[in-house]
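Per chain, numbering begins at 1; letters A, B, ... match sequence-line order.
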Amino acid sequence: MEGTFSKSLNSNQLEAVTYCDGPSLVIAGAGSGKTRVLTYKVAYLLEHGYAPYEILALTFTNKAAKELTNRVRELLPNNSERLMWCGTFHSVFSRILRIEHAALGFTSTFTIYDQEDSRKLIKSIIKEFCLDDKAYNVATVNSRISFAKNRIILPSDYEKNQDLLKRDARDNMPELHRIYSAYFQRCRNTNALDFDDLLLFTYLLLRDHEDICAKYQRLFRYILVDEFQDTNYLQSRILLLLAPSGNSRLCVVGDDAQSIYAFRGADIGNILSFQKHYPQARLIKLEQNYRSTQTIVNAANSIISHNKDRIQKNVFSKLSEGELIRVMSSYSDQDESMKVLKEILRLRSLYSIDYSDIAILYRTNAQSRSFENALNQMNIPYKVYGGISFYQHKEIKDILAYFRVICNPLDEEALVRIINYPTRGIGATTLTKLRYAAAQFQIGLWQVLKTPQNYEVKISASTQNKILSFISLIEELQESLSTMGAYDLASDVIKRSGIAEELHTEKTPEALSRVENVDGLLNSIKEFSQEQLESLGNEQVSLSDYLMQASLSSSQDAVADGVPAVTLMTVHAAKGLEFDTVFVTGMEDNLFPNPNARFYPKEMEEERRLFYVAVTRAKTRCFLSYAKSRYRYGSAEMCNPSPFLCDIDSQYLSYDDEDIFSAPRVSSKPHVTSIPSPAINRAARYSRIENTSSQNYTESSMFNVKVGSYIEHERFGRGEIIEISGEGSNARAKVKFENVGEKNLLLKFAKFKQVNG
DNA sequence: CGCCCGCCCGTTTTT
DNA sequence: CGGGCGGGCG
Ligand SMILES: Nc1ncnc2c1ncn2[C@@H]1O[C@H](COP(=O)(O)OP(=O)(O)OP(=O)(O)O)[C@@H](O)[C@H]1O
């Protein structure tokens with residue numbers, strides 16, 4: 001085994017794997033083998049006296065966790081990885097919360113609210129408080145509550161935090177703290193935790209219960225954290241509780257240049273504060289990229305060099321120089337899809353390249369559509385990852401809501417969802433009355449349902465009967481909870497609730513796909529039960545075990561099924577993956593970078609890191625593609641190439657020549673030519689003004705620059721042109737800038753204007 | 001109470 | 001364009 005280690009790892013990687021005496025921080029560039037290091041490190045620990053259950057390995061997605069265990073299994077085929085604590089922060093901590101629920105006053109069958117549940121609850125609170133739901137945008141309220149939780153600001157802290165209160169007041173949401181308070185309380189009352197609570201309550205559990213904290217400190221003799229750059233403050237505080245001492249055995253691995261989840265609270269500052277908390281931490285840098293050609297690595301380096309906020313790294317590749325990165329231009333999104341597919345076919349005719357070696361990446365999920373259409377037309381196999389997950393389909397959520405109410409009758413979001421599904425005559429009016437009573441008497445909805453007469457609810461006898469029969473249905477199913485396995489109970493639910501009948505009456509294609517999904521759900525329960533039996537010897541898998549894993553699984557967890565297919569996914573979803581050939585599509589000014597980031601330098605840097613991640617997924621070939629018009633909200637919109645294209649040192653680029661004269665140029669005055677806002681866009685639609693951004697077009701007279709003339713560049717400032725090479729859209733200029741030295745600019749993309757010497 | 005039609009809004013990215 | 005929601009009617 002020792003031999004395998006030194007053969008498969010370079011000396012820095014080997015150090016990262018074998019240094020186990022104290023904390024370590026592995027700063028790893030893209031493709032430098034951090035996944036490999038983590039795998040070998042776990043194997044190393046298991047070979048050096050650590051029991052699997054003493055190892056806590058925290059990953060970013062469930063898929064990454066699964067892959068880590070699978071790879072360890074390949075290295076050590078003795079099943080020792082089985083009992084390792086390996087999973088996302090959320091899934092590992094929900095396991096702990098289930099064990100320790102009593103200390104916090106939850107039951108072990110607590111519900112996990114997903115974002116939809118959270119938002120519905122917030123919405124109903126806004127209504128209850130008679131607040132204007134225009135001013136109190138549900139998504140905004142939700143995200144502010146989430147940010148507060150991730151900064152460990154409880155409702156009682158929020159009320160005292162003048163900065164937050166001022167900010168809310170400034171944004172016309174002065175009552176936000178009251179919504180937060182109510183939301184917090186309602187979750188507690190309904191025995192429910194949202195995603196952030198899984199972390200927050202773990203933190204509170206460990207902070208306030210010394211004995212429990214000590215137990216887990218002792219249990220987890222070694223802690224590994226993958227994708228450390230995307231952890232948030234709350235997560236770092238939990239780690240600090242689990243590994244409090246300066247010489248704790250804790251190894252975190254990350255790349256600040258690949259931090260792309262700040263919108264969710266991730267904080268690169270965690271990397272810096274790690275060294276503060278653990279001053280003796282060993283810092284190991286991995287800088288050799290084993291994945292990509294030199295051209296790709298160097299191009300990526302030139303992208304990230306435009307960011308101020310970063311840790312200096314010298315990522316290099318010793319693989320071949322490789323091909324230039326090709327910039328493809330198209331007339332429309334449809335044209336873009338066709339061009340990309342033609343290129344795929346061309347590559348396949350030239351090289352032995354499999355469909356599964358190819359990825360089409362994009363900034364937003366909505367962009368997959370035109371590619372899917374084209375791929376279907378051309379009969380090319382493909383798989384779209386991400387988007388809405390299986391568990392987010394309405395019919396699935398409805399059934400899961402039954403499961404939830406059966407396991408946890410206090411779960412109000414689930415109860416409201418199914419009380420009249422399938423329709424059983426308990427309509428909106430009745431529900432309003434019931435909810436009103438529940439609020440008046442400060443009591444759960446379930447309680448009101450059971451004995452409405454006790455709470456002054458005025459409803460007809462027939463409605464009363466309908467409620468009664470619904471209650472007894474749920475109670476009967478609850479009784480089966482202890483006697484039936486998850487699968488049998490689930491089948492029962494689907495039959496007895498009337499869902500089966502409801503779904504089978506319709507014969508539309510959509511209805512058929514719903515039936516298929518429900519069958520899929522039953523299958524997945526069967527599989528889950530099987531897995532639990534095999535790995536843990538768990539004979540009777542309960543419905544609430546299944547619910548927990550269902551609530552925590554996401555669309556990112558889907559795995560390739562072995563059928564060779566082109567991969568379609570967002571750049572976010574591609575993090576950690578690699579492909580021989582990568583197409584980064586939609587490289588446009590109003591799309592990538594996302595227009596909302598435009599005026600926020602921090603967010604622009606995150607968009608740039610995202611671009612960095614995209615390019616570094618490629619092993620051999622990388623293409624950057626933009627379209628000049630794109631369908632958005634149903635109508636065509638003109639677009640300009642992304643400013644990110646000129647972040648890449650032009651020596652690594654080549655591009656399609658076909659439209660030298662019609663090529664739109666990135667404007668030198670981005671402030672004037674800002675993208676149309678959705679509001680303007682809508683106005684344009686109504687007044688039938690197409691081409692709202694035509695002012696962005698500039699005649700090719702811009703190529704009228706010569707050696708010796710002076711320019712003012714958007715970012716680099718003033719400079720003198722000292723050399724011109726290439727022709728048409730290939731023309732480039734070497735410019736000597738007064739402040740930043742010499743740069744190579746591609747005239748087609750560079751943002752500058754001519755000035756007088 | 002339930003269904004249907006029409007309007008409005010959106011879109012980052014996800015555990 | 002398409003999903004979600006509210007208003008109005010049967
Ligand atoms: N020492 C090594 N020798 C040869 N190949 C290596 C070595 N280390 C890693 N690799 C290869 O380099 C590629 C990238 O490794 P890995 O996926 O572990 O990188 P990473 O740091 O996780 O990348 P990223 O952060 O960009 O997702 C993989 O194909 C891996 O097999």
* **Partners passing side-chain hydrogen bond (donor to acceptor under 3.5 Å, both in side chains) against A:Asp171 (at least two apart in sequence or in another chain)** => A:Arg144
Check whether any side-chain nitrogen or oxygen of [X] sits under 4.0 Å from OP1 or OP2 of [N], and answer yes or no.
X        : N      : answer
A:Lys63  : B:dT15 : no
A:Thr429 : B:dC1  : yes
A:Thr570 : B:dT14 : yes
A:Asn420 : B:dC1  : no

[X] [atom1] to [N] [atom2], straight-line distance once rounded to whole Å:
X        : N      : atom1 : atom2 : answer
A:Lys123 : C:dG6  : NZ    : P     : 6 Å
A:Met569 : B:dT14 : CE    : P     : 10 Å
A:Arg630 : C:dC1  : CZ    : C1'   : 15 Å
A:Asn365 : B:dT13 : CG    : P     : 5 Å
A:Gln115 : B:dT13 : CD    : P     : 11 Å
A:Tyr421 : B:dC3  : OH    : P     : 12 Å
A:Glu227 : B:dT13 : CD    : P     : 19 Å
A:Met604 : B:dT13 : CE    : C1'   : 15 Å

* How are the rings of A:Tyr216 and A:Trp85 set to each other: parallel, tilted or perpendicular (split at 30° and 60°)? -> perpendicular
Mind checking [X] for me? I need base, sugar-phosphate or nothing, with any heavy atom below 4.0 Å counting as a touch.
X        : answer
A:Lys575 : nothing
A:Phe60  : sugar-phosphate
A:Asp114 : nothing
A:Phe592 : nothing
A:Asn62  : nothing

* To do: State plainly whether the residues A:Asp114 and A:Lys397 are in salt-bridge range, i.e. N to O under 4.0 Å.
  => yes
* To do: Between A:Lys466 and A:Ala573, just flag the one whose closest nucleotide in DNA chain B comes earlier from the 5' side.
  => A:Lys466
* Structure fact -> Result for 5'-nearest mapping on DNA chain B, choosing between A:Ser553 and A:Thr430, is A:Thr430
* **A:Phe129 atom CZ: more than 12 heavy-atom contacts under 6.0 Å** => yes
* Verify the neighbour count for atom OH of A:Tyr436: are there more than 12 heavy atoms of other residues, nucleotides or ligands below 6.0 Å? => no
* Asked: Are the ring of A:Phe263 and the base ring of B:dT13 both nearer than 5.5 Å at their centres and tilted by less than 30°?
  -> yes
* Can you name the residues that form a ring-ring contact (aromatic ring centres under 6.0 Å, His included) with A:Phe263, not counting sequence neighbours? -> A:Tyr261, A:His572
* Among the nucleotides C:dG6, B:dT15, B:dT13, which one has an atom lying closest to any side-chain atom of A:Lys127? -> C:dG6
* **A:Arg369 side-chain proximity, nearest of C:dG2, B:dT13, B:dT15** => C:dG2
